Amino acid sequence: MSLRLIFMGTPEFSVPTLLELVAHDHEIAAVYTRAAKPAKRGMKLQPSPVEQEARRLGIAVITPRTLKTPEALAEFSAHDADAAVVVAYGMILPQAILDAPKLGCFNLHASLLPRWRGAAPINRAIMAGDAETGVMVMKMDAGLDTGDVAMAERMAVSDAMTASDLHDALSRLGADLMVRAMAALERERLQLTKQSSDGVTYAAKIEKAEARIDWNRPARPVLRHIHGLSPFPGAWSEIAGEGEAARLKILRCELASGSGAPGEVIDDRLTIACGEGAIRILELQRAGKAPMKAEEFLRGTPLKPPMRLA
């Protein structure tokens with residue numbers, strides 16, 4: 001037995017779940033995704049990662065501008081789906097859409113709800129210094145990530161993890177979790193638990209204004225800020241004292257020994273003093289350049305005492 005599903009997703013994070021559902025013989029009646037956007041050189045229309053994968057698999061792709069019209073509801077309902085699986089779709093589902101599939105709509109969310117409801121749970125978990133996060137499957141309701149939880153998987157968050165690292169790990173973990181949730185739903189054994197009203201936090205969308213590094217903070221919060229914004233939008237600082245400010249995005253770092261004035265370069269290995277302690281930069285990017293390892297950067301741009309980042 002298998003379920004007849006509508007899959008709704010857009011970015012790379014969603015792709016493993018789509019592939020796992022197909023691999024486990026669920027029938028994907030249609031894939032809903034955001035419309036292609038101009039991207040890269042020439043600003044040609046670039047279909048979403050989910051659309052690209054769906055077309056490769058020969059699945060019908062639908063890219064509505066809204067789901068709030070009677071026509072959109074009629075088209076959605078006509079798929080006669082048992083359930084909808086939603087993974088980072090990027091569009092609000094109105095109540096009529098939520099009610100259309102026989103068994104409901106199920107969302108994969110990249111946090112341990114009710115912590116980090118909202119747009120940027122992966123980034124916020126790292127930036128807040130969380131030691132643990134995870135993925136959850138919930139039955140969707142009209143609220144923002146407030147639905148009843150069906151299943152969850154936890155994983156540790158280390159200081160070495162960037163947002164990119166955690167994104168990839170949770171994407172794979174979530175795909176497996178959703179397949180197990182759909183198997184339980186198919187057997188009528190999926191149990192739902194209401195979310196706690198305690199510990200609710202919101203993962204607000206990342207704003208570019210947040211990206212500048214505050215070297216006055218202790219080393220570990222500085223590291224978590226850098227890793228939580230890597231690779232995008234990228235935490236940045238400027239080389240102080242140059243004629244024209246040279247911006248550096250710092251993509252990966254580690255805690256290091258040493259001290260000095262905040263932002264001070266304290267050795268010739270890209271160790272930077274923080275308000276307390278220091279970090280060593282491992283990977284970075286100059287404006288208009290490709291990311292590079294610290295060793296490569298230092299060959300072309302000696303950055304050593306008494307220089308400073310600001």
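These numbers come from a predicted model, not from an experiment.
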- So, D168 side chain and D165 main chain: donor-acceptor pair closer than 3.5 Å or not? no

- Query: Is H227 reaching over with its side chain to a backbone N or O of C253, donor-acceptor style, under 3.5 angstrom?
  - Reply: yes

- Task: First locate atom CG of L229, then atom CG of L251, and finally report the distance between them rounded to the nearest 0.5 Å.
- Result: 10.5 Å

- Query: Taking the side chain as C-beta and beyond, is there a heavy-atom pair between L57 and V22 under 4.5 Å?
  - Reply: yes

- Close side-chain approach of S164 to P231, heavy-atom, < 4.5 Å: yes

- Message: Between S111 and T133, is there a side-chain donor-acceptor contact under 3.5 Å, judged purely by atom types and distance?
- Response: no

- What ring-ring contact (aromatic ring centres under 6.0 Å, His included) pairs are there with at least one residue in residues 142-185, not counting sequence neighbours? F13-H167

- Item | Salt-bridge present (R55, E51; N to O < 4.0 Å) | yes

- Query: If you group Ile, Leu, Val, Met, Phe, Trp and Tyr by side-chain heavy-atom gaps below 4.5 Å, do V137 and L113 land in one group?
  - Reply: no

- Item | Distance in Å, R252 CZ paired with Q285 CD, rounded so as to fall on 0.5 Å steps | 13.5 Å

- Quick one: do R4 and E27 satisfy salt bridge (charged side-chain N to carboxylate O under 4.0 Å, His left out)? Show the steps, please. CA-CA 5 Å; R4 181 174 170 85; E27 181 186 358; 2.4 Å; yes

- Task: Any chance you could lay out the side chain to side chain contact (heavy atoms under 4.5 Å, CB included) test for Y32 and I97, step after step, and finish with the verdict?
- Result: CA-CA 12 Å; Y32 278 64; I97 292 288; over 6 Å; no

- Query: Is a donor on one side and an acceptor on the other found under 3.5 Å between the side chain of H26 and the backbone of L3?
  - Reply: yes

- Heavy-atom side-chain contact between I279 and E254 under 4.5 Å: no

- Would M138 end up clustered with Y202 when hydrophobic side chains under 4.5 Å apart are linked, directly or stepwise? no

- Item | Least distance between heavy atoms, S257 atom then A278 atom | O-CB, 4.2 Å

- Task: Report yes if the side chains of Q46 and Q52 come closer than 4.5 Å at any heavy-atom pair, otherwise no.
- Result: yes

- Query: Between the main-chain N or O of K44 and the side-chain N or O of K37, is there a donor-acceptor pair closer than 3.5 Å?
  - Reply: no

- Task: Answer yes or no: is there a donor N or O on one side and an acceptor on the other, between the side chain of R34 and the main chain of G90, under 3.5 Å?
- Result: yes

- Item | Spatial distance of atom CD1 (I59) from atom CD1 (I28) [nearest 0.5 Å] | 5.5 Å

- Exam field: side chain S259 to backbone G277, donor-acceptor pair closer than 3.5 Å: no

- Query: Say you draw a straight line from OG1 of T17 to CE of M182; how long is it, rounded to the nearest 0.5 Å?
  - Reply: 10.5 Å

- Message: Against the six-membered ring of W116, is R124 placed for a cation-pi contact (under 6.0 Å from the centre, within 45° of the normal)?
- Response: no

- Item | pair D82-P101: side-chain heavy atoms closer than 4.5 Å | no

- Ignoring hydrogens and geometry, is there a side-chain-to-backbone donor-acceptor pair from K304 to L298 under 3.5 Å? no

- Item | Minimum heavy-atom distance A163-G228, with the two atoms named | CB-O, 3.6 Å

- Does M292 belong to the same Ile/Leu/Val/Met/Phe/Trp/Tyr cluster as I226, with side-chain heavy atoms less than 4.5 Å apart forming each link? yes

- Rounded to the nearest 0.5 Å, the CZ atom of F297 sits from the CG atom of L270 at a distance of 6.5 Å

- Item | Within-4.5 Å side-chain heavy-atom neighbours: M155 and V135 | no

- Determine the minimum heavy-atom distance between R220 and G129, stating which atoms define it. NH2-O, 3.9 Å

- Message: Closer than 3.5 angstrom, by distance alone: can the side chain of H225 be matched with the main-chain N or O of P221 as a donor-acceptor pair?
- Response: no

- So which heavy atom on A29 is nearest to which on A60, and how close? O-CB, 4.4 Å

- May I ask you to say whether R115 pairs ionically with D198, meaning some side-chain N is under 4.0 Å from a carboxylate O? no

- Item | Euclidean distance, L18 CG relative to M8 CE, rounded to 0.5 Å | 13.0 Å

- Query: Does atom CD of E276 have more than 12 heavy-atom neighbours from other groups under 6.0 Å away?
  - Reply: no

- Message: Under the criterion side chain to side chain donor-acceptor pair (under 3.5 Å), I'd like the reasoning laid out for T33 against S48: C-alpha separation, chi angles, the key distance, then a yes or no.
- Response: CA-CA 7 Å; T33 190; S48 74; 2.7 Å; yes

- Task: Any chance you could lay out the side chain to side chain contact (heavy atoms under 4.5 Å, CB included) test for M151 and Q191, step after step, and finish with the verdict?
- Result: CA-CA 8 Å; M151 301 177 88; Q191 298 182 341; over 6 Å; no

- Can you check side chain to side chain contact (heavy atoms under 4.5 Å, CB included) on L309 and W215, steps first, answer last? CA-CA 8 Å; L309 298 181; W215 297 106; 3.7 Å; yes

- Does NZ belonging to K289 count more than 12 external heavy atoms closer than 6.0 Å? no

- Query: Can you tell me if CD on Q95 sees more than 12 non-hydrogen neighbours from other groups inside 6.0 Å?
  - Reply: yes

- Item | Side-chain donor or acceptor of E186 paired with backbone N/O of A183 under 3.5 Å | no

- Message: I want to check something: taking the side chain as every heavy atom from C-beta on, are I266 and I272 in contact at a cut-off of under 4.5 Å?
- Response: no

- Charged N to carboxylate O below 4.0 Å: is that the case for R56 and E53? yes

- Which pairs, with at least one residue in residues 139-157 and sequence neighbours excluded, count as a side-chain hydrogen bond (donor to acceptor under 3.5 Å, both in side chains)? E132-R154, D141-T146, E153-R180

- So, for N107 and M178, which heavy atoms are closest and what is the spacing to 0.1 Å? C-CE, 3.9 Å

- Are any side-chain N or O atoms of T10 and backbone N or O atoms of Y89, one a donor and one an acceptor, separated by less than 3.5 Å? yes

- Salt-bridge test for D159 and R224: reply yes if a basic N is under 4.0 Å from a carboxylate O, no otherwise. yes

- Task: For atom CG of L192, decide whether the heavy atoms of other residues, nucleotides or ligands shown that lie under 6.0 angstrom number more than 12.
- Result: yes

- Message: Does R187 have more than 12 heavy atoms from other residues, nucleotides or ligands lying within 6.0 Å of its CZ?
- Response: yes

- Query: Please walk me through it: do V149 and L112 pass side chain to side chain contact (heavy atoms under 4.5 Å, CB included)?
  - Reply: CA-CA 10 Å; V149 173; L112 298 176; over 6 Å; no

- Pair R280, T271: side-chain N/O donor-acceptor within cut-off below 3.5 Å: yes

- Ion pair E238/R212, N-O distance below 4.0 Å: yes

- Query: Is there a chain of hydrophobic side chains (I, L, V, M, F, W, Y, each step under 4.5 Å between heavy atoms) that links V31 to V87?
  - Reply: yes

- Message: Could you check whether any side-chain heavy atom of V222 comes within less than 4.5 Å of a side-chain heavy atom of D214, counting everything from C-beta outward?
- Response: no

- Are V265 and I239 connected in the hydrophobic side-chain network, where two residues link if heavy atoms are under 4.5 Å apart? yes

- So which heavy atom on V50 is nearest to which on S14, and how close? CG2-CB, 3.5 Å

